[in-house]
Undergrad: 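Below is the structure I would like to discuss, written out as structure tokens.
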Amino acid sequence: MMNLDLPKLFDLDKMSREPKFKNSFYQQDILSVDQFNRESLSYIFTRAQEMSEMVNKVGSCDLLHGYTLACVFYEPSTRTSASFIAAMERLGGNVIPITQGIKYSSVSKGESLVDTMITLEQYSDAIVLRHPEIGSVAKAAKYSRVPIINAGDGAGEHPTQALLDLFTIRKELGSIDGLRIAMVGDLRNGRTVHSLTKLLMSYDVSLRFVSPDTLRLPLNLMNDLIDKGVDVRETDKVEDVIGDVDVLYVTRIQKERFTDLADYEAVKDYFEITPEVMANAKEKMVVMHPLPRVGEIHYKVDKDPRAAYFRQVQNGMFVRMALLAAVLGQA
Ligand code: ASP
Ligand code: CP
């Protein structure tokens, strides 16, 4: 017989997990950049800067000790998945990684997204979700008890990417107001472009959109820009903008969003940023890219000090550390 008169394992009266901060992100789903304004962006960026200083000095801390994040990616990812995992681990938290795609989760047996989310919330304090359908992350959030963070929903939004993009521009160039920013590539399907364009509407910037005719910025976004009085122009040539932009934000043609491969083939080699193209750019400017690149920026450009895309990658971790800590009430 076992002695069931057990001493208690935990002195629960002495243990707690109280939120230290209850700001506007506390326990909130992060679904769209529409949830941010200049004040809340500044808050995240200040915290992200603190995160970067902490990482550079000591590597990690225990701010999120005792918290668990489920990272669920139903579309391929390198940076977003790895940086959320790294962010959580550098803050002393734990991760449930479901990053091998639908094939290796019970979704492939027919389980619904909602059931999957309700299952994962039993184990975790927040869920990061990437899914191929527009609106799917918002739908999952309706049913989940724990906060859900949108890591990309089809051709919809990629809000945390836009946060790190803006953080990078600010860090590289000092401020955002007054800049001329060009976005190049697949503006129709690029969710990073959609989120960044929306965020930039809160700033005093000029925008240039460079794409083949078939991949222009969605009309609703263009109309919003015009309604807000933003100085905006469209062209199909990088040469038209390269000489007078402060930021060249390059994107990949989103092959996976094309229903007809012939349409993709027709535009896939539409442009390439080479050292020759960069020779015409301002001395003080930055080239950014959410990555992955598949031929839009020549490798020789990497040595150019204006190439900021790998610094942008690292900023992603700092911004996600700040966001996770804020959502969980610890920043
Ligand atoms: N990685 C970014 C995204 O998932 C950009 C891209 O894939 O081209 O939206
Ligand atoms: N920028 C970005 O979202 O990269 P991944 O697709 O690799 O996550």
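Start at 1 and go down the list; that is how both ligands and their atoms are numbered.
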Undergrad: Any heavy atom of Thr251 sitting closer than 4.0 Å to ligand 1?
TA: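 Heavy atoms of Thr251 never come under 4.0 Å of ligand 1.
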Undergrad: Is there a donor-acceptor pair closer than 3.5 Å between any side-chain N or O of Arg17 and the backbone N or O of Gly66?
TA: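 Checking the backbone N and O of Gly66 against the side chain of Arg17, a donor-acceptor pair under 3.5 Å is found.
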Undergrad: Determine whether Thr168 and Asp165 satisfy the following criterion, side chain to side chain donor-acceptor pair (under 3.5 Å), listing intermediate values before the conclusion.
TA: CA-CA 5 Å; Thr168 301; Asp165 292 341; 5.6 Å; no
Undergrad: Where on Thr192 is there a heavy atom closer than 4.0 Å to ligand 2, on the side chain, on the backbone, on both, or on neither?
TA: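 It is neither; nothing of Thr192 touches ligand 2.
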Undergrad: Which residue owns the protein heavy atom closest to atom 6 (O) of ligand 2, what's the atom, and how far is it?
TA: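 Answer for atom 6 (O) of ligand 2: Arg130 NH1, 3.0 Å.
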Undergrad: When you measure from the side chain of Asp186 to the backbone of Ile253, do you find a donor-acceptor pair of N or O atoms at a distance under 3.5 Å?
TA: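 Side chain of Asp186 to backbone of Ile253, a donor-acceptor pair under 3.5 Å: no, none is there.
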Undergrad: What's the shortest distance from atom 1 (N) of ligand 1 to any protein heavy atom, and which residue and atom give it?
TA: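 The answer is Leu291 O, 2.9 Å.
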Undergrad: Kindly say whether Ser32 contributes a backbone atom to a donor-acceptor pair with the side chain of Gln35 at under 3.5 angstrom?
TA: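 Side chain of Gln35 to backbone of Ser32: a pair is present.
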Undergrad: Is there side-chain contact between Val294 and Glu296, with heavy atoms separated by less than 4.5 Å?
TA: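 When only atoms from C-beta onward are counted, Glu296 and Val294 do touch, with a gap below 4.5 Å.
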Undergrad: Which residue holds the protein heavy atom closest to atom 2 (C) of ligand 2, what is that atom called, and what is the gap in Å?
TA: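 Checked against all protein heavy atoms, atom 2 (C) of ligand 2 sits closest to Thr80 OG1, 3.4 Å.
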Undergrad: Quick check on contacts: which atoms of ligand 1 are under 4.0 angstrom from a heavy atom of Arg252?
TA: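 Those atoms are 6 (C), 7 (O), 8 (O).
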Undergrad: For ligand 1, which atoms have a heavy atom of Arg130 less than 4.0 angstrom away?
TA: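 This gives 4 (O) as the contact atoms.
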Undergrad: Using the rule side chain to side chain donor-acceptor pair (under 3.5 Å), only one of Lys171, Gln49, Arg320 pairs with Asn315; which is it?
TA: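 Only match with Asn315 under side chain to side chain donor-acceptor pair (under 3.5 Å): Lys171.
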Undergrad: Of all the atoms in ligand 2, which lie at a distance below 4.0 Å from a heavy atom belonging to Gln161?
TA: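 It comes down to these atoms of ligand 2: 1 (N), 2 (C), 3 (O).
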Undergrad: In a check of salt bridge (charged side-chain N to carboxylate O under 4.0 Å, His left out) between Arg180 and each of Asp246, Asp204, Asp244, which one passes?
TA: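 With Arg180 as partner, Asp246, Asp204, Asp244 yield a single salt bridge (charged side-chain N to carboxylate O under 4.0 Å, His left out), made by Asp244.
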Undergrad: To which protein heavy atom is atom 9 (O) of ligand 1 closest, and what is the distance rounded to 0.1 Å?
TA: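 Protein heavy atom at minimum distance: Arg191 NE, 2.8 Å.
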Undergrad: Less than 3.5 Å apart, any donor N or O on the side chain of Arg130 or His158 sitting next to an acceptor on the other?
TA: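 Per modelled atom types, Arg130 and His158 side chains form a pair under 3.5 Å.
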Undergrad: Starting from atom 7 (O) of ligand 2, which protein heavy atom do you reach first, and at what distance in Å?
TA: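 The protein heavy atom lying closest is Thr78 N, 2.7 Å.
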Undergrad: Would the distance check show the side chain of Ser60 and the main-chain N or O of Leu91 forming a donor-acceptor pair, the cut-off being under 3.5 Å?
TA: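 Checking the backbone N and O of Leu91 against the side chain of Ser60, no donor-acceptor pair under 3.5 Å is found.
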Undergrad: Looking only at heavy atoms of Gly190, does any of them come nearer than 4.0 Å to an atom of ligand 1?
TA: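 Distance cut 4.0 Å: Gly190 fails for ligand 1.
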Undergrad: Short list, please: which atoms of ligand 2 are under 4.0 Å from a heavy atom of Leu291?
TA: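 Within the 4.0 Å cut-off of Leu291, ligand 2 contributes 1 (N), 2 (C), 4 (O).
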Undergrad: Would a 4.5 Å heavy-atom cut-off, applied to side chains only, mark Phe25 and Phe36 as touching?
TA: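 Heavy-atom side-chain distance check passes, below 4.5 Å.
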Undergrad: Could you establish whether Glu75 and ligand 2 come within less than 4.0 Å of each other, counting only heavy atoms on the residue side?
TA: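 In this structure, Glu75 fails to qualify as a contact of ligand 2 - no heavy atom is under 4.0 Å.
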Undergrad: What residue and heavy atom of the protein are closest to atom 4 (O) of ligand 2, and at what distance?
TA: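 Sorting protein heavy atoms by distance from atom 4 (O) of ligand 2 puts Arg79 NE, 3.0 Å first.
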Undergrad: His158 heavy atoms, cut-off 4.0 Å: which ligand 1 atoms fall inside?
TA: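 It comes down to these atoms of ligand 1: 3 (C), 4 (O), 9 (O).
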Undergrad: Does Pro290, backbone or side chain, put an N or O under 3.5 Å from an N or O of ligand 2?
TA: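 Yes, there is a polar N/O contact under 3.5 Å.
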Undergrad: Out of all atoms in ligand 1, which are within 4.0 Å of some heavy atom of Pro292? Include the element for each.
TA: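 What qualifies from ligand 1 is 1 (N), 6 (C), 7 (O).
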Undergrad: Within a reach of under 6.0 Å around NZ of Lys20, are more than 12 heavy atoms found that belong to other residues, nucleotides or ligands?
TA: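 More than 12 heavy atoms, drawn from other residues, nucleotides or ligands, come within 6.0 Å of this atom.
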Undergrad: Under 4.0 Å from a heavy atom of Gln254: which atoms of ligand 1 are those, numbered in the order shown and with their elements?
TA: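 Those atoms are 6 (C), 8 (O).
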